[in-house]
Amino acid sequence: MKTQLRVDWPSCKGRGLCHHVLPELIDLDEWGYPIVKGPVTKELREDAKEAVRVCPQLALRLT
Amino acid sequence: MNAPTPVPIPTDLAIHPGPALLSGIESGTSLAAHRAQYGALPEVSLAALLASVDALRMRGRGGAAFPFAIKLRTVSEGRRPVVVVNMSEGEPASAKDSALAMTRPHLVLDGAVATARALRASAVHVVLPGDRAGVVAAMEEAIAERSDGVRIHVHHADPVFVAGQARAVLELMAGRPNLPVTAWVPEAVSGHKGRPTLLSNGETWAQVGRLVLVGEGGYRRFGTDTEPGTTLMTFTGDGVPEVREVEFGTRIREVLPEGFAGRPALVGGFHGAWAPWHTLANARVSVDGMKSLSIPLGAGVVVSPRECPVTFTSRVVDYLAGQSARRCGPCFNGLPALAESMRSVASGRGGTGRVEELAGVVVRRGACAHPDGTVRLVRSLLATFPGEVDAHASGAGCGPALEEAS
């Protein structure tokens with residue numbers, strides 16, 4: 001199964017740090033909340049882990 | 001200020017006698033009358049119950065039509081499970097669980113108790129609605145009559161649309177705010193206090209109760225080979241909402257109340273889909289059949305509004321936007337924006353481009369299905385009545401939907 005980034009929506013406060021770390025996979029909507037564009041590729045795996053780590057709300061998970 | 005529900009939560013209901021669940025309702029709601037009709041609640045083994053619900057292809061009646069056998073099997077594979085009867089019925093246009101509470105509460109409880117015994121469950125939890133006082137009184141009276149040797153805990157949900165969502169119910173049971181949270185695993189795997197949790201709505205438990213009491217053969221007396229049994233439907237038009245028990249395979253036009261003929265209807269409730277009259281008239285009551293017609297049966301709700309579908313949808317989206325739990329950013333920002341864009345279309349101040357854009361932004365981005373259901377309704381309107389939508393958007397007012405010929 002492909003690795004996915006999942007957002008814990010009630011925890012997410014739209015700070016946008018995940019987008020700065022991983023713009024290849026995460027856009028922001030007009031209110032600043034993340035839009036996950038697709039599964040995590042092997043090349044982006046380390047960056048995805050970093051995106052999870054920098055979230056101040058611990059609202060991002062790799063599943 | 002939150003918009004009011006376009007269909008009020010019913011204070012008065014017409015509940016029609018039916019072939020199975022709603023048979024014998026003339027005898028009253030007492031446990032004695034229930035036992036006189038059905039006899040004692042038999043002990044049923046987990047293996048036998050699983051085999052029956054599997055053979056009958058029984059599905060959950062809360063709206064998603066999830067196979068009950070899969071849930072039952074899943075909860076039986078872990079620690080001692082918990083059984084939850086979710087009577088909260090957050091959808092204002094649905095009143096079937098209310099109808100069961102007020103006519104056959106012991107059928108609902110029999111289903112839950114028999115299953116709890118078969119699973120050796122630690123307890124049965126009954127979740128009652130926050131805005132339907134008659135249901136609360138009826139269920140509490142019925143629970144007080146029981147002595148099954150199974151602990152029954154009662155919880156009172158908040159009077160909001162999303163309070164009945166499965167995770168919101170588990171939050172309520174845990175003593176936290178009655179609002180949805182992210183489900184990382186299904187509640188059948190890990191739910192209340194981490195236990196496998198078998199959570200179903202009132203009608204599902206009544207169907208299980210009926211099965212346990214009359215057996216698989218008795219259950220098959222109604223419905224079709226592929227969809228045995230009956231289902232409850234709520235019809236809301238001009239008058240008092242009506243709850244009817246309908247055999248699977250019945251033509252919907254045969255059970256529609258007067259006044260529904262020739263008009264479009266909203267099928268499946270506020271998270272549902274629009275049906276033009278010719279679609280509704282030719283459809284049969286069926287989970288698979290109605291899904292293939294893009295009008296999923298859902299929880300069996302059919303609403304026939306007096307207004308045109310565009311105006312009515314706009315009012316429903318206004319209401320749904322106000323019912324967001326205000327926890328998930330895309331929902332509490334996106335639904336009010338979607339409601340505003342729908343108002344623009346309905347009043348001839350804007351096109352559908354913004355509606356479609358917001359629908360794409362909001363969908364699948366929340367802890368619960370509230371944004372998804374709202375998007376389903378809006379997309380169904382655009383797909384089913386493109387001419388009426390365009391007429392509204394261009395300021396020409398209502399199109400031909402209301403006068404559509406049968």
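Note that the coordinates shown come from a computational prediction; the quantities given were computed from them, not determined experimentally.
- Taking the six-membered ring where tryptophan is involved, the planes of His370(B) and Phe161(B) are tilted, since the angle between them lies from 30° to 60°.
- A salt bridge links Asp29(A) with Arg365(B): the distance from a Lys NZ or Arg NE/NH1/NH2 to an Asp or Glu carboxylate oxygen falls below 4.0 Å.
- For the set Val181(B), Leu179(B), Thr182(B), Asn333(B), the count of heavy-atom pairs under 4.5 angstrom toward chain A peaks at Asn333(B).
- Using a 30° and 60° split on the angle between ring planes, Phe332(B) and Tyr33(A) fall in the perpendicular class, above 60°.
- Among Ala325(B), Gly334(B), Pro180(B), Cys331(B), the residue with the largest count of heavy-atom pairs under 4.5 Å with chain A is Gly334(B).
- Among Lys13(A), Arg61(A), Arg6(A), Glu30(A), the residue with the largest count of heavy-atom pairs under 4.5 Å with chain B is Arg61(A).
- A salt bridge between Asp27(A) and Lys37(A) is present, with a side-chain N of the basic residue lying under 4.0 Å from a carboxylate O of the acidic one.
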